[in-house]
Amino acid sequence: QVQLVESGGGLVQAGGSLRLSCAASGRTFSNYHMGWFRQAPGQERDFVATISRYGSSTDYTDSVKGRFTISRDNAKSTVYLQMNNLKPEDTAVYYCAAKTLGQKSRASDEYDYWGRGTQVTVSS
């Protein structure tokens with residue numbers, strides 16, 4: 001089992017930047033593909049980005065391509081989400097998740113472990 005704790009959320013003006021971190025503890029971090037998801041009020045939880053076990057492959061939802069970057073440091077058991085040029089529509093609770101089997105994925109139901117989330121609020 002792995003425990004995930006997100007940090008780095010906050011309030012930022014449109015056009016600003018935030019860097020989210022997700023620290024993992026428990027099993028070997030490189031065993032897991034990692035993903036970031038977000039959930040706005042009244043909305044479903046949506047895929048944002050994912051990264052493969054050793055960081056060789058990434059994938060993003062279209063709305064964040066060119067603005068967000070997912071990365072990981074397996075030595076620190078941490079995955080990051082660098083968010084630039086933030087927009088009000090990026091406002092949500094951001095969750096990191098870990099996936100054990102198969103390939104990295106956009107599907108939230110394929111992830112085995114979840115953090116509790118960190119709030120990101122972008123003002124216009």
Side-chain angles (χ1 to χ4, degrees):
Q1 192 168 358
V2 63
Q3 293 77 42
L4 303 172
V5 179
E6 302 96 335
S7 62
L11 174 64
V12 64
Q13 289 187 333
S17 298
L18 284 174
R19 187 195 197 200
L20 304 184
S21 299
C22 173
S25 60
R27 298 283 179 88
T28 303
F29 185 62
S30 58
N31 286 348
Y32 302 96
H33 303 296
M34 298 299 296
W36 284 97
F37 294 79
R38 64 187 179 185
Q39 188 169 20
Q43 305 287 326
E44 294 185 351
R45 190 172 298 186
D46 291 330
F47 167 75
V48 176
T50 183
I51 188 166
S52 58
R53 292 186 178 98
Y54 293 95
S56 60
S57 178
T58 59
D59 187 26
Y60 300 88
T61 192
D62 285 348
S63 63
V64 308
K65 285 180 180 177
R67 300 189 298 124
F68 291 11
T69 303
I70 188 171
S71 62
R72 66 190 296 161
D73 185 338
N74 286 351
K76 296 182 178 180
S77 299
T78 302
V79 63
Y80 304 97
L81 186 68
Q82 177 66 44
M83 306 187 295
N84 297 329
N85 190 22
L86 282 159
K87 303 176 180 181
E89 52 263 42
D90 295 318
T91 295
V93 177
Y94 283 71
Y95 299 89
C96 73
K99 181 179 186 292
T100 308
L101 300 176
Q103 303 301 313
K104 69 184 192 304
S105 173
R106 294 184 170 205
S108 61
D109 60 1
E110 295 185 14
Y111 284 77
D112 304 292
Y113 304 103
W114 291 83
R116 294 189 174 185
T118 185
Q119 176 71 47
V120 172
T121 302
V122 184
S123 63
S124 57

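What you see is a predicted model; the values in this text were computed from it and never measured.
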A side-chain contact here means heavy atoms from C-beta on lying under 4.5 Å apart; do [X] and [Y] qualify?
{"X": "T61", "Y": "D46", "answer": "no"}
{"X": "M83", "Y": "V122", "answer": "no"}
{"X": "V79", "Y": "I70", "answer": "yes"}

Partner residues of [X] under the side chain to side chain donor-acceptor pair (under 3.5 Å) criterion, sequence neighbours left out:
{"X": "Y111", "answer": "T50"}
{"X": "D109", "answer": "none"}
{"X": "K104", "answer": "S57"}
{"X": "Q119", "answer": "T121"}

*Please check if V93 and L20 belong to a single hydrophobic cluster, counting links between Ile, Leu, Val, Met, Phe, Trp and Tyr side chain heavy atoms closer than 4.5 Å.*
no
_Applying ring pair (Phe, Tyr, Trp, His ring centres under 6.0 Å), can you list everything that pairs with F47, at least two apart in sequence or on another chain?_
F37
When rounded to the nearest 0.5 angstrom, what distance separates [atom1] in [X] from [atom2] in [Y]?
{"X": "D73", "Y": "F29", "atom1": "CG", "atom2": "CZ", "result": "8.5 Å"}
{"X": "R72", "Y": "T58", "atom1": "CZ", "atom2": "OG1", "result": "12.0 Å"}
{"X": "M34", "Y": "S77", "atom1": "CE", "atom2": "OG", "result": "9.5 Å"}
{"X": "Q82", "Y": "R67", "atom1": "CD", "atom2": "CZ", "result": "12.0 Å"}

Qualifying residues under side chain to side chain contact (heavy atoms under 4.5 Å, CB included), relative to [X], sequence neighbours excluded:
{"X": "Q43", "answer": "A40"}
{"X": "V2", "answer": "L4, A24, Y32, A98, Y113"}
{"X": "R53", "answer": "H33"}

*Sequence-distant partners of D59, salt bridge (Lys or Arg N to Asp or Glu O under 4.0 Å), two or more places apart*: R106
*Do NZ/NE/NH1/NH2 and the carboxylate oxygens of K87 and D90 come within less than 4.0 Å?*
no
*With sequence neighbours left out, which residue pairs that include part of residues 50-100 fulfil the ring-ring contact (aromatic ring centres under 6.0 Å, His included) condition?*
none
*asked:* Looking at every non-hydrogen atom in both residues, tell me the closest pair between R38 and A92 and how far apart they are.
replied: CB-CB, 3.8 Å
*Heavy-atom pair with the smallest gap, counting every atom of A49 and L81*: CB-CD1, 4.2 Å
_Does atom NZ (K76) have a neighbourhood of more than 12 heavy atoms from anything else shown, all under 6.0 Å?_
no
*Taking only residues at least two apart or on different chains, which pairs with a member in residues 5-24 satisfy side chain to side chain donor-acceptor pair (under 3.5 Å)?*
S17-N84
*Linking Ile, Leu, Val, Met, Phe, Trp and Tyr through side-chain heavy atoms less than 4.5 Å apart, which residues share a cluster with L11?*
none
